[in-house]
Amino acid sequence: MELAQEEEIRRIQLELEHMLSQIEREIPIYLFTKPGVNDVFSEAARQGIRFFRQLTDRVKLREFDLAHETAGQLGVAHSPTIVFDPDNYNIRWLGAPMGEEAKIFLEALMRIGTQSSGLNEQAAAVLERIEAPRNVKVFVSPSCPYCPQQALNALKAVVGKPDLISLEIIDIQANPDLADQYSAHSVPQAFSDDILIAMGAQTEELFMASLDKLEQQTVFIPETDAEEVTTDLVIIGGGPAGLSAGIYASRSGLDTVVLEKGVLGGQVALTPLVENYPGMKQVGGKTLVDIMVTHALEYVNIFPGEEVIDIQPGEPTLVQTSRRKFYTKSVLLTTGASHRHLGVPGENRYSGRGVSYCATCDGPLFKDRKVLMVGGGNSAVTEALHLKNMGVDVTIIHRRDQLKAQKFLADKLPENGIDIMFNHRVVSIEGNGIVEKAVLEDLVSGQTTEIEVNGVFMAIGYEPATGLAGKLGLELTDDGYIKHDNYRTKIPGIYVAGDVAGGYKQIVTATGQGSEAAMTIFEDIINPYWKN
Ligand SMILES: Cc1cc2nc3c(=O)[nH]c(=O)nc-3n(C[C@H](O)[C@H](O)[C@H](O)COP(=O)(O)OP(=O)(O)OC[C@H]3O[C@@H](n4cnc5c(N)ncnc54)[C@H](O)[C@@H]3O)c2cc1C
């Protein structure tokens with residue numbers, strides 16, 4: 001070995017010794033092996049632990065055969081398995097600290113030896129919220145540079161909550177059977193209680209949030225304990241209308257918050273694929289939501305999981321949520337709408353797999369295919385014409401003997417060669433992974449027939465979320481949407497935009513309305529029309 005290399009190794013050793021000198025207590029480590037099984041990994045594990053033992057006398061190694069009763073007592077079944085400090089923690093390593101994984105081993109010693117999770121304040125606050133046990137598995141490999149970060153996140157969670165959280169770090173090369181069982185063919189992957197909670201490395205806040213919610217979180221929104229918040233604008237609803245309004249209002253100089261009772265992104269979060277948002281030929285609904293939320297967070301405070309239950313207009317207006325009070329100069333209602341469902345077997349199962357509520361959105365996917373359009377009003381007829389225009393073979397199914405749609409629209413159906421099956425209803429939707437047929441009932445004869453189709457579109461109405469508007473005594477249109485004039489409702493300081501305001505129910509129209517409403521609000525705050 002050359003002198004320069006020897007000096008470098010010595011320098012690294014000294015650095016490690018210095019780091020490990022911070023360990024305050026003994027760390028018992030048990031190594032379980034079974035001769036003839038994964039011998040290379042067993043030897044690497046042994047050598048790895050011995051290496052660290054040379055650097056600190058705090059590491060106490062005990063070796064066991066997998067057949068030893070201690071393995072049974074601890075529930076260890078794989079060779080090699082390293083168990084860290086079993087009296088205080090439930091941390092196992094199925095494999096050996098080789099390659100990139102050596103960093104994880106060092107961190108494990110540091111966290112356990114100092115009994116400190118080392119979590120930042122926000123991540124620690126999320127971890128604190130977890131009240132039920134979590135059995136975490138992190139799949140790693142020696143050649144994966146991203147794995148140490150994710151394994152370290154999990155280690156920090158265990159050290160922060162040793163009574164509730166257990167951890168298995170699983171090397172996929174030493175344990176291909178487990179990798180197959182969990183389909184963990186890319187690393188790192190993290191599971192909690194056998195639910196996939198993260199693919200790839202995350203920040204520690206996002207890991208803790210994913211562990212808390214038991215699903216992968218991609219945007220972290222810090223929480224606040226404030227009981228009262230004073231602001232210029234409260235936006236109710238974190239869908240595209242609310243998020244766009246937030247960006248425009250904040251950029252105009254208004255102090256703005258967005259309150260969302262459920263999933264950020266509103267209906268977009270439920271949309272598998274969006275193909276008509278300008279600039280993005282195809283984008284997953286969840287991805288589009290992440291992009292919008294990340295952008296909005298640059299400007300506004302978002303309060304997720306916060307339902308508005310009451311609004312008392314005044315100067316200031318009081319907005320009461322399930323968690324706190326907001327005092328504000330103005331309120332924008334972007335509470336959205338939801339499609340009415342038919343409620344027949346197969347409808348939910350095939351939603352996004354042939355069942356659609358939006359011809360504008362999904363129509364192009366059915367070009368040269370056969371679909372049903374359920375409904376008989378203006379929407380059903382307009383959407384059927386839209387589908388026909390896109391090259392879709394469409395038949396309208398209506399339960400009455402005549403359409404509710406306006407005559408000039410209905411007349412266009414025969415002109416465009418669209419068949420109508422009057423007095424029929426869909427009884428069920430069937431298929432094999434995707435829609436293949438619908439069962440129809442003739443409401444006059446009572447007979448049922450099967451019809452082969454690739455899709456079933458529904459246009460049986462919307463349910464706008466007007467509960468708060470009702471409490472405020474706001475007027476609704478005949479279709480049930482909130483009446484407005486340039487986004488102003490009849491109550492000064494209360495505005496409305498997006499699907500709940502009626503019109504075309506699309507992401508672009510919602511974002512357009514949200515931004516326009518924000519500009520109106522800005523103008524009114526500068527120059528209140530009701531005071532002139
Ligand atoms: C399955 C599906 C597929 C679609 N596909 C497309 C598509 O491909 N392209 C397209 O352009 N459009 C599509 N749309 C329509 C589009 O998603 C909507 O038009 C758009 O999301 C409307 O935005 P919004 O902000 O007005 O309302 P929403 O997206 O409905 O958001 C309203 C939000 O307000 C929240 N909220 C309601 N009440 C309260 C309260 N009291 N307190 C706090 N929060 C509250 C709700 O939880 C919700 O998150 C689709 C819709 C669905 C359902």
Side-chain angles (χ1 to χ4, degrees), residues 234-247 257-289 292-293 296 302-311 319-324 326 331-341 347-348 350-365 379 383 457-459 462-472 481-482 484 487 495-518:
V234 168
I235 297 171
I236 305 175
L243 295 171
S244 310
I247 293 170
V257 299
V258 174
L259 313 181
E260 169 54 55
K261 69 171 179 180
V263 180
L264 278 166
Q267 295 167 63
V268 187
L270 309 172
T271 308
L273 197 64
V274 177
E275 293 192 316
N276 57 1
Y277 193 71
M280 294 177 184
K281 201 172 157 200
Q282 273 198 342
V283 60
K286 179 80 176 63
T287 307
L288 184 55
V289 169
M292 285 187 181
V293 172
I302 299 181
F303 294 77
E306 206 143 329
E307 177 167 11
V308 174
I309 45 185
D310 195 28
I311 303 171
V319 175
Q320 176 72 57
T321 74
S322 41
R323 297 202 184 157
R324 67 198 106 222
F326 291 83
V331 172
L332 175 61
L333 298 166
T334 53
T335 46
S338 50
H339 299 278
R340 223 167 260 153
H341 289 244
E347 182 181 11
N348 285 345
Y350 293 109
S351 177
R353 295 185 171 86
V355 170
S356 171
Y357 301 86
C358 180
T360 323
C361 316
D362 302 332
L365 303 170
S379 300
E383 301 231 321
F457 282 75
M458 315 277 179
Y462 283 93
E463 281 171 16
T466 53
L468 289 169
K471 276 192 185 176
L472 284 166
Y481 297 95
I482 303 175
H484 67 97
Y487 310 108
Y495 303 80
V496 60
D499 276 12
V500 73
Y504 292 109
K505 286 163 211 71
Q506 291 287 285
I507 306 166
V508 276
T509 48
T511 53
Q513 287 192 18
S515 52
E516 281 191 331

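All ligand and atom numbering here is 1-based and tracks the order in the structure.
Atom numbering of ligand 1 starts at 1 in the shown order; those under 4.0 Å from a heavy atom of Leu468 are 41 (N). Contact atoms of ligand 1 toward Leu259: 43 (C), 44 (N) (distance under 4.0 Å to a heavy atom of the residue). Set against the non-hydrogen atoms of Ala337, the atoms of ligand 1 under 4.0 Å away are 30 (O). Per-residue contacts place Ile236 under 4.0 angstrom from the following atoms of ligand 1 (heavy atoms of the residue considered): 40 (C), 42 (N), 43 (C). Atoms of ligand 1 lying under 4.0 Å from at least one heavy atom of Gly498, given by number and element, are 26 (O).
At the top of the distance list for atom 51 (C) of ligand 1, counting protein heavy atoms only, stands Gln267 OE1, 3.5 Å. Closest protein heavy atom to atom 50 (C) of ligand 1: Thr271 OG1, 3.9 Å. Among protein heavy atoms, the minimum distance from atom 53 (C) of ligand 1 is reached at His339 CD2, 3.4 Å. Atom 43 (C) of ligand 1 has its closest protein heavy atom at Lys261 N, 3.2 Å. Looking only at heavy atoms of the protein, atom 9 (N) of ligand 1 is closest to Asn276 OD1, 2.9 Å. Counting protein heavy atoms only, atom 33 (C) of ligand 1 is closest to Glu260 OE1, 3.5 Å. Looking only at heavy atoms of the protein, atom 37 (C) of ligand 1 is closest to Thr335 O, 3.4 Å. Considering only non-hydrogen protein atoms, atom 14 (N) of ligand 1 sits nearest to Cys361 SG, 4.1 Å.
Side-chain contact between Ile302 and Leu243 is present, with heavy atoms from C-beta onward closer than 4.5 Å.
In terms of polar-atom proximity, Pro240 is counted as a contact of ligand 1, with an N or O under 3.5 Å from an N or O of the ligand. Remark: ligand 1 and Val508 share no N or O pair separated by less than 3.5 Å (distance only, no angle test).
With distances taken over non-hydrogen atoms, the option nearest atom 22 (C) of ligand 1 out of Asp499, Val283, Ile507 is Asp499.
Residue Thr334 touches ligand 1 through its backbone alone, judged by heavy-atom distances below 4.0 Å. Contacts of Ile309 with ligand 1, taken as heavy-atom pairs under 4.0 Å, are absent altogether. Contact annotation: for Ser338 versus ligand 1, there are no heavy atoms closer than 4.0 Å. The backbone of Val263, and not its side chain, has at least one atom closer than 4.0 Å to an atom of ligand 1 (non-hydrogen atoms only; backbone = N, CA, C, O).
Using a non-hydrogen distance threshold of 4.0 Å, Ala465 does not register as a contact of ligand 1. In this structure, Glu306 counts as a contact residue of ligand 1, since one of its heavy atoms falls inside 4.0 Å of the ligand.
One N or O on the side chain of Glu383 and one on the backbone of Ala359 form a donor-acceptor pair closer than 3.5 Å. A donor-acceptor contact shorter than 3.5 Å links the side chain of Thr335 to the backbone of Ala465. A donor-acceptor pair is defined here as one N or O able to donate and one able to accept, closer than 3.5 Å; no such pair exists between the side chain of Glu463 and the backbone of Ser338. When atom types are taken as modelled, the side chain of Thr509 and the backbone of Tyr504 share a donor-acceptor pair closer than 3.5 angstrom. Of the possible polar contacts, one joining the Lys505 side chain to the Gly503 backbone as a donor-acceptor pair under 3.5 Å is found. At distances below 3.5 Å, at least one donor-acceptor pair connects side-chain atoms of Ser515 with backbone N or O atoms of Thr511.
Smallest separation of non-hydrogen atoms from Pro240 and Gly265: CD-O, 3.6 Å. Summarising the geometry of Val308 relative to Leu468, their closest heavy-atom pair is O-CD2, 3.7 Å, with the distance given to 0.1 Å.
Not counting sequence neighbours, the partners of Arg323 by the salt bridge (Lys or Arg N to Asp or Glu O under 4.0 Å) test are Glu223. Residues passing the salt bridge (Lys or Arg N to Asp or Glu O under 4.0 Å) test with Glu516, sequence neighbours excluded: none.
Rounded to the nearest 0.5 Å, atoms CG (Asp362) and CZ (Phe457) are 5.5 Å apart.
In this pair, His341 and Tyr357 present their aromatic rings tilted. The plane angle is within the 30 to 60° band.
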